[in-house]
Structures are given as structure tokens and as C-alpha cells.
Amino acid sequence: MALLMNDNDMNRLLEEVRPEGEHYVGKAWGTLTGSTAKMLALGAMDSVSCYLGITEKSFVVAALSDMDISAVCGRIVLPLSKIKKLKINRGLLPFQRILKIRSEQGKLQLLLTNNSLRARIRRQQEGVQTICRALEAVSV
């Protein structure tokens, strides 16, 4: 059982949920917030840690178990073509981004940050930037 989110777990768990025939162009970790946790029926009160990936065609979320962050307890594979509305805001701190995504499946709200004490992801900032740029390009 991992104590910190890390590159090895992120790569392994995102591969488990990757749509067949697609390849990730960006990966990062984040936090599902608000109604998204309810949508996944995870039973979480406030937020759920997750790994995020973006391919040429899909936005992938691998929600992590509160008890074991090296295990997936929920997953979302959202085709980019199904995104109806996207809003990317800055968080309270300059290195945070808040993604609000609306699709036919419902709403997603995620908090992305460039650094944290609970994650050891080497290319987090690059992953956040890649995911945000790719989502913005699709939603135009």
C-alpha cells in the first residue's frame, strides 16, 4: 500500500482505465470535489484523490480509494467530443486550477495543483498544463 501518490502507481492505474487504442498525452493527479464524488457513488463526504489522463479522444479519471491510494475505486472515461461546457479557473493559490466540466454524463469538478506534500509526481506541472490546454482546445 502506497503512502504517497507517485508516478509508478499513476502510470499503472491509468493504464488499467485507458481506452483501447488510445495513448496518453498528459497525466497528473488531482482531487474530485463536490457533486462529482456523488456521481461516482463513492460515498465520499467532500473530495476524492484521483489520477487524470488525457488522450487524443478521451479524458480519463481514476478515482482512488481513501483506504488504499494504490487502488482504483471508481473511473470515468469521458470522450472529449461529449464535453458540452468547460470552465478552467485559477484556485486560491497561483499554482491551482479548478476544472468544471459538463457533459451528457453529468458534471465533473476537479482541483489540480502543481505540488503537494501527499504526492511525488515528477512532471505534475507539465501534466496539469497539458491537460488544461488539451481540454481548452476541444471546448472552443
Side-chain angles (χ1 to χ4, degrees):
M1 179 168 87
L3 298 176
L4 297 172
M5 298 171 77
N6 61 73
D7 289 307
N8 291 337
D9 283 347
M10 179 175 69
N11 291 329
R12 179 179 56 81
L13 296 173
L14 282 174
E15 280 304 308
E16 290 178 11
V17 239
R18 180 180 51 82
E20 190 173 330
E22 297 183 34
H23 302 282
Y24 289 112
V25 295
K27 298 176 187 176
W29 74 272
T31 305
L32 289 165
T33 61
S35 62
T36 301
K38 293 175 193 162
M39 184 180 100
L40 284 172
L42 298 174
M45 294 297 288
D46 187 25
S47 62
V48 176
S49 296
C50 61
Y51 291 121
L52 312 167
I54 192 148
T55 71
E56 304 84 11
K57 298 179 184 177
S58 303
F59 181 61
V60 177
V61 179
L64 305 177
S65 168
D66 284 340
M67 301 304 283
D68 181 3
I69 61 170
S70 62
V72 173
C73 68
R75 58 191 76 207
I76 299 169
V77 178
L78 176 62
L80 297 177
S81 62
K82 302 288 184 186
I83 294 175
K84 292 183 175 186
K85 188 174 180 181
L86 169 74
K87 191 171 189 178
I88 300 175
N89 295 324
R90 293 189 184 273
L92 294 175
L93 301 173
F95 52 82
Q96 293 178 325
R97 296 293 176 268
I98 299 169
L99 304 179
K100 294 181 181 182
I101 302 170
R102 185 176 299 225
S103 72
E104 295 168 0
Q105 296 173 328
K107 294 183 217 176
L108 287 173
Q109 183 169 315
L110 298 121
L111 174 64
L112 306 179
T113 183
N114 287 344
N115 55 22
S116 171
L117 296 175
R118 51 180 224 203
R120 296 289 183 253
I121 307 294
R122 285 185 289 260
R123 301 178 80 180
Q124 175 70 7
Q125 183 174 2
E126 180 182 323
V128 169
Q129 291 171 348
T130 300
I131 288 169
C132 289
R133 277 194 304 263
L135 287 171
E136 287 174 328
V138 170
S139 68
V140 176

>> Does Gln109 form a side-chain contact (heavy atoms from CB on, under 4.5 Å) with Leu32? I'd like the steps, not just the answer.
In response: CA-CA 6 Å; Gln109 183 169 315; Leu32 289 165; over 6 Å; no
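Under a 3.5 Å cut-off, the side chain of Tyr24 and the backbone N or O of Leu14 do form a donor-acceptor pair.
Rounding to the nearest 0.5 angstrom, the gap separating the OG atom in Ser103 from the CG atom in Leu80 is 11.0 Å. Taken from SG in Cys73 to CG in Asp68, the straight-line distance is 10.0 Å, to the nearest 0.5 Å. Here the CG atom belonging to Leu64 is positioned 8.5 Å from the OG atom belonging to Ser70, to the nearest 0.5 angstrom. Put simply, CG on Leu108 and CZ on Phe59 are 6.5 Å apart, with the number rounded to the nearest 0.5 Å.
Cluster annotation: Val61 and Leu135 are assigned to the same hydrophobic cluster (Ile/Leu/Val/Met/Phe/Trp/Tyr, side-chain heavy-atom contacts under 4.5 Å, transitive). Clustering ILVMFWY residues whenever any of their side-chain heavy atoms sit less than 4.5 angstrom apart, transitively, puts Leu13 in the very cluster that holds Val17.
By the 4.5 Å heavy-atom criterion applied to side chains, Cys50 and Leu110 are counted as neighbours. The closest side-chain heavy-atom distance from Ile69 to Met5 is below 4.5 Å. Leu52 has its side chain out of reach of Val60: every pair of non-hydrogen atoms, C-beta onward, lies at least 4.5 Å apart.
Of all the heavy atoms in Glu56 and Val25, the pair that sits closest is OE2-CG1, 3.9 Å.
Pairs of residues two or more places apart, or lying in two chains, that qualify as side-chain hydrogen bond (donor to acceptor under 3.5 Å, both in side chains) and include a residue from residues 11-22 are Asp9-Arg12, Asn11-Lys27, Glu15-Arg18, Glu22-Thr55, Glu22-Ser58.
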Distance-only criterion, 3.5 Å: show the donor-acceptor pairs between side-chain atoms of residues 81-102 and protein atoms not counting sequence neighbours.
from, atom 1, to, atom 2, distance (Å)
Gln96, OE1, Leu92, N, 3.1
Gln96, OE1, Leu93, N, 3.2
Arg97, NH1, Pro94, O, 3.1

Using residues 121-131 as the side-chain source, report each donor-acceptor pair under 3.5 Å to any protein atom, sequence neighbours left out, with the distance given to one decimal.
from, atom 1, to, atom 2, distance (Å)
Arg122, NE, Asp7, OD2, 3.3
Arg123, NE, Glu126, OE1, 3.2
Arg123, NH2, Glu126, OE1, 2.7
Arg123, NH2, Glu126, OE2, 2.9
Gln124, OE1, Trp29, N, 3.1
Gln124, NE2, Trp29, O, 3.0
Gln124, NE2, Thr113, O, 2.8
Thr130, OG1, Glu126, O, 2.9

